[in-house]
Amino acid sequence: MKTQGEIEAAICDGISRFEQEYMGRGPKDIHAFLLNDLLVVRLQGVLTAAEQHLVKSLPSEKGRDLVKQVRRQLIETARPLMEALVQEVTGGTVLSLHHDISTVTGEEIVVFTLAESPLVRESKRK
């Protein structure tokens, strides 16, 4: 059985690898937060150079919508891989996945709803 911190760290490692392999670059910063049956992953600095260029060169709404549409499609395509990662790390079943990205800040949020809160062991604090 893992501690909450170990689960959060393993999720960060796995999602960061996913970003590198599927999006072409990893996040500058990543944090995971396990809140009962909710797993929130916050990634910062994820926009690729091409996405940044699209946002700057096209009218603001069009560039934003295009980047969000492409990201949404990539996440949906890779959803089984992401769910398998979360299930392997938490030992629980993923019920749903929610995703959004900001083209202004380059921040991305991925939220997983789990069937139940994962069992965690208490961490030994000094």
Side-chain angles (χ1 to χ4, degrees):
M1 191 181 316
K2 300 174 186 163
T3 65
Q4 180 173 335
E6 289 170 338
I7 290 173
E8 292 169 345
I11 292 294
C12 287
D13 289 344
I15 297 290
S16 188
R17 274 194 314 276
F18 165 81
E19 287 280 327
Q20 289 171 347
E21 292 171 11
Y22 283 85
M23 305 301 183
R25 64 169 285 180
K28 290 183 180 174
D29 196 23
I30 183 169
H31 295 281
F33 307 93
L34 181 59
L35 309 163
N36 298 317
D37 64 346
L38 203 62
L39 177 63
V40 179
V41 183
R42 179 182 182 200
L43 303 97
Q44 295 173 297
V46 296
L47 291 176
T48 66
E51 290 170 330
Q52 291 173 14
H53 180 71
L54 276 175
V55 171
K56 289 177 186 172
S57 64
L58 294 174
S60 62
E61 286 182 16
K62 189 172 185 176
R64 178 196 67 214
D65 291 347
L66 187 56
V67 168
K68 284 182 176 253
Q69 181 181 12
V70 168
R71 284 282 178 145
R72 187 172 35 254
Q73 186 60 47
L74 287 168
I75 293 294
E76 282 302 317
T77 301
R79 184 182 189 133
L81 296 172
M82 294 179 76
E83 288 181 352
L85 164 73
V86 171
Q87 288 177 348
E88 180 182 330
V89 172
T90 64
T93 302
V94 174
L95 296 178
S96 62
L97 179 154
H98 308 276
H99 168 267
D100 198 13
I101 187 167
S102 169
T103 56
V104 175
T105 64
E107 180 178 73
E108 183 175 23
I109 300 290
V110 184
V111 179
F112 299 90
T113 303
L114 306 174
E116 57 188 32
S117 299
L119 295 175
V120 295
R121 69 175 164 81
E122 291 294 316
S123 60
K124 296 177 184 173
R125 296 200 173 145
K126 293 181 180 182

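When reading the values below, keep in mind they use all heavy atoms of this one structure, side chains included, and skip hydrogens, waters and symmetry mates. Predicted model only: the values in this text are computed from it and were never measured. Numbering of residues begins at 1 and proceeds along the displayed sequence.
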Neighbour count above 12 (heavy atom, 6.0 Å) for [X] [atom1]:
| X | atom1 | result |
| --- | --- | --- |
| H98 | NE2 | yes |
| E116 | CD | no |
| F33 | CZ | yes |

| message | I need the minimum non-hydrogen distance between Q4 and L34, along with the two atoms involved. | response |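 For Q4 and L34, the tightest heavy-atom pair comes out as NE2-O, 3.0 Å.
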| Given side chains that start at C-beta, do those of L58 and L66 come closer than 4.5 Å, heavy atoms only? |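 The answer is yes; the side chains approach within 4.5 Å.
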| field | Contact check, side chains of Q52 and V67, non-hydrogen atoms, under 4.5 Å | value |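 Answer no - side chains too far apart.
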| message | Could you go through I75 and M82, starting from their C-alpha distance and side-chain angles, then the distance that decides it, and tell me whether this counts as side chain to side chain contact (heavy atoms under 4.5 Å, CB included)? | response | CA-CA 8 Å; I75 293 294; M82 294 179 76; 4.0 Å; yes
| field | Between CD on residue E19 and CZ on residue R17, distance to nearest 0.5 Å | value |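 Separation between the atoms: 12.5 Å.
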| task | Rounded to the nearest 0.5 Å, what's the gap from CZ on R64 to CD1 on I101? Could you check? | result |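 It is 12.5 Å, given to the nearest 0.5 Å.
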Is a side-chain donor or acceptor of [X] paired with a backbone partner of [Y] at a separation under 3.5 angstrom?
| X | Y | value |
| --- | --- | --- |
| E51 | T48 | yes |
| E88 | L85 | no |
| K2 | T90 | no |

| task | Just do the side chain to side chain contact (heavy atoms under 4.5 Å, CB included) check on V110 and I15 with the steps written out, would you? | result | CA-CA 10 Å; V110 184; I15 297 290; 5.6 Å; no
| request: Take T113 and V94 through the test side chain to side chain contact (heavy atoms under 4.5 Å, CB included) and record every step on the way to the result. | output: CA-CA 6 Å; T113 303; V94 174; over 6 Å; no
| message | Between D29 and H31, is there a side-chain donor-acceptor contact under 3.5 Å, judged purely by atom types and distance? | response |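 The answer is yes; a qualifying pair exists.
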| task | Kindly indicate, with the supporting measurements, whether the criterion salt bridge (Lys or Arg N to Asp or Glu O under 4.0 Å) is fulfilled by R79 and E83. | result | CA-CA 6 Å; R79 184 182 189 133; E83 288 181 352; 2.9 Å; yes
| query | Can you list every side-chain hydrogen bond (donor to acceptor under 3.5 Å, both in side chains) pair that touches residues 101-111, not counting sequence neighbours? | reply |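 Residue pairs with at least one partner in residues 101-111: R42-E107, R71-E108, H99-E108, S102-T105.
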| query | Any ion pair linking E76 and R72 (charged N to carboxylate O, less than 4.0 Å)? | reply |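 No, this pair does not count.
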